[in-house]
There are 2 protein chains.
Amino acid sequence: MSEAVTVKGRATRARIVEGAAEVLREQGVAFTTLDDIRGRTGTSKSQLFHYFPAGKDELLLAVARFEADRVLADQQPHLGRLDSWESWQQWRDVVVDRYERQGDHCPLASLFLQVGRDRPGARAIVTELMHQWQGQLARGMRALQKNGLVSPALDVDRVAAALLAGIQGGVTIMMSTGDSTHLKAALDTGIDHLRAAPPDAA
Amino acid sequence: MSEAVTVKGRATRARIVEGAAEVLREQGVAFTTLDDIRGRTGTSKSQLFHYFPAGKDELLLAVARFEADRVLADQQPHLGRLDSWESWQQWRDVVVDRYERQGDHCPLASLFLQVGRDRPGARAIVTELMHQWQGQLARGMRALQKNGLVSPALDVDRVAAALLAGIQGGVTIMMSTGDSTHLKAALDTGIDHLRAAPPDAA
DNA sequence: CGAAAAATGGACCAGCAAGTCCAGAAATCC
DNA sequence: GGATTTCTGGACTTGCTGGTCCATTTTTCG
């Protein structure tokens, strides 16, 4: 936005976004006020509006961007090296672990319900995230094909899309029910599906 | 709750729930006020609180129950007769169609973000819905096994859980991006997974 | 028909949370 | 070092929304 910021300014802005992300993860968007964020980040009202002139929505969008980055970052380096069965397994464990840890509020999901997904920018964030994520999964599957572990006939893009959907749904269900069974089932069945398509299949 | 209701009373209550469900589907929970619901249902404030003494949350919960019932009902009769490949395919089409129609607000997802999933009752509704849904999928898979179309060795419960997760995630992604590719991929890959496990497999 | 209970209309209240404003402190820059 | 810009503090405003209250109408039922 405005480029005229000092070091201190950038630091404050970052502090606000990170602090807001924490609060939102703990309380959920619907129950978080600007004063909660103020409290957590040790800032004043004017600071909030100084860095996010358009108000709460702009701040929430910034948090969404922040959280979206975290999602993929938390899966690295495994997500980037899905070229053997072991690496897939390791990645699976990291995903399960990450989402079991993360309280029971999905920051991204709720963020978009609040901001409204039509907002320019809002939709783009999710779309981009999904695109990246699916791309990395597909790359991993192609690596398996290259290494002769999976049939070259496999429709990688479709299976990657399905796996991604399974993860999303698994997380959603976990958020609602508190049970990670579905997430694990989606991951394991997804990987099984790859295993069930060996290159020497009839 | 209170049993002393007249025919008119029941009708009004139902009108409120159904009208509220409509508005919520269109605008999303975060942007819907009691006055919106009043407007749509042609009721007064006092009626709202007469039928839902605990206020908005109680009303939202009633809507959630209503929507949860609709979810499974909309998939019938197909969901109840998943005993052949054709019936699975038909069911798949119905699911895709249903969710493509339904605007871009998932009533249930947003409802719980607002009410808070810890509320007694809230969690139960989702859990119960997922349980029923998964149960029907598993029953269908067992029917396939019985009919000699799928290996009896298949871990039906896990695969059903994974398929359910895929559907949820597919819907979630569609809500955010407006694209039903993932939902279709999840359904098709899920069914493929069944097809890939014939009873005469080595 | 008449009393009691249920249903309805709508004015009113209260609190909260987003957003505004301006004065003052700190940094930047020439 | 002084002017200018950025940053910060916090009191204040304002609109909205959930919720209350009571008077009135309608229904029920003996």
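Note on naming: letters A, B, ... go to the chains in the order of the sequence lines (proteins, then strands), and numbering restarts at 1 for each one.
Residue pairs that meet the salt bridge (charged side-chain N to carboxylate O under 4.0 Å, His left out) test with at least one member in residues 185-195 of chain A, sequence neighbours left out, are A:Arg92-A:Asp188, A:Asp192-B:Arg158. Among residue pairs with one or both ends in residues 145-156 of chain A, none qualify as salt bridge (charged side-chain N to carboxylate O under 4.0 Å, His left out); sequence neighbours excluded. Among residue pairs with one or both ends in residues 30-50 of chain A, those qualifying as salt bridge (charged side-chain N to carboxylate O under 4.0 Å, His left out) are A:Glu22-A:Arg40, A:Glu26-A:Arg40, A:Asp35-A:Arg38; sequence neighbours excluded.
Between the side chain of B:Asn147 and the main chain of B:Ser84, no donor-acceptor pair closer than 3.5 Å is present. The main-chain N or O of A:Leu183 is never found under 3.5 Å from a side-chain atom of A:Ser180 such that the two would form a donor-acceptor pair. Under the 3.5 Å distance criterion, the side-chain polar atoms of A:Ser110 are matched with a main-chain donor or acceptor of A:Pro107.
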Could I get a table of every N or O pair under 3.5 Å where one atom is in the protein and the other is in nucleotides 16-23 of chain C?
unit_1, atom_1, unit_2, atom_2, d
C:dA18, OP1, A:Lys56, NZ, 2.7
C:dA18, OP2, A:Leu34, N, 2.9
C:dA18, N7, A:Lys45, NZ, 3.4
C:dG19, OP2, A:Lys56, N, 3.0
C:dG19, N7, A:Lys45, NZ, 3.0
C:dG19, O6, A:Lys45, NZ, 2.9

Which protein N or O atoms sit under 3.5 Å from an N or O of nucleotides 24-30 of chain C?
none

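Atom CD1 in B:Ile37 sits roughly 8 Å away from atom P in D:dG18 (whole-Å rounding). For the pair A:Arg10 CZ and D:dC7 C1', the computed distance is 14 Å after rounding to whole Å. Taking atom CZ on A:Arg38 and atom C1' on D:dG9, their separation rounds to 9 Å, with Å as the unit. Rounded to a whole Å, the CG atom of B:Asp36 is 12 Å from the C1' atom of D:dC16. Atom CD1 in B:Ile16 sits roughly 11 Å away from atom P in C:dA7 (whole-Å rounding). The NE2 atom of B:His50 sits 14 Å away from the P atom of C:dA5 (whole-angstrom rounding).
For the residue pair B:Gln134/A:His182, the side-chain donor-acceptor check at 3.5 Å is satisfied.
In this structure, A:Trp91 has its ring center under 6.0 Å from that of A:Trp88.
Distances shorter than 4.0 Å separate some side-chain N or O of A:Thr12 from OP1 or OP2 on D:dT8. Of the side-chain N and O atoms in B:Gln47, one or more sit less than 4.0 angstrom from OP1 or OP2 of C:dT8. Here B:Tyr51 reaches the OP1 or OP2 of C:dT8: one of its side-chain N or O atoms lies under 4.0 Å away.
Scanning for side chain to side chain donor-acceptor pair (under 3.5 Å) contacts around B:Gln47 gives B:Ser44, with sequence neighbours left out.
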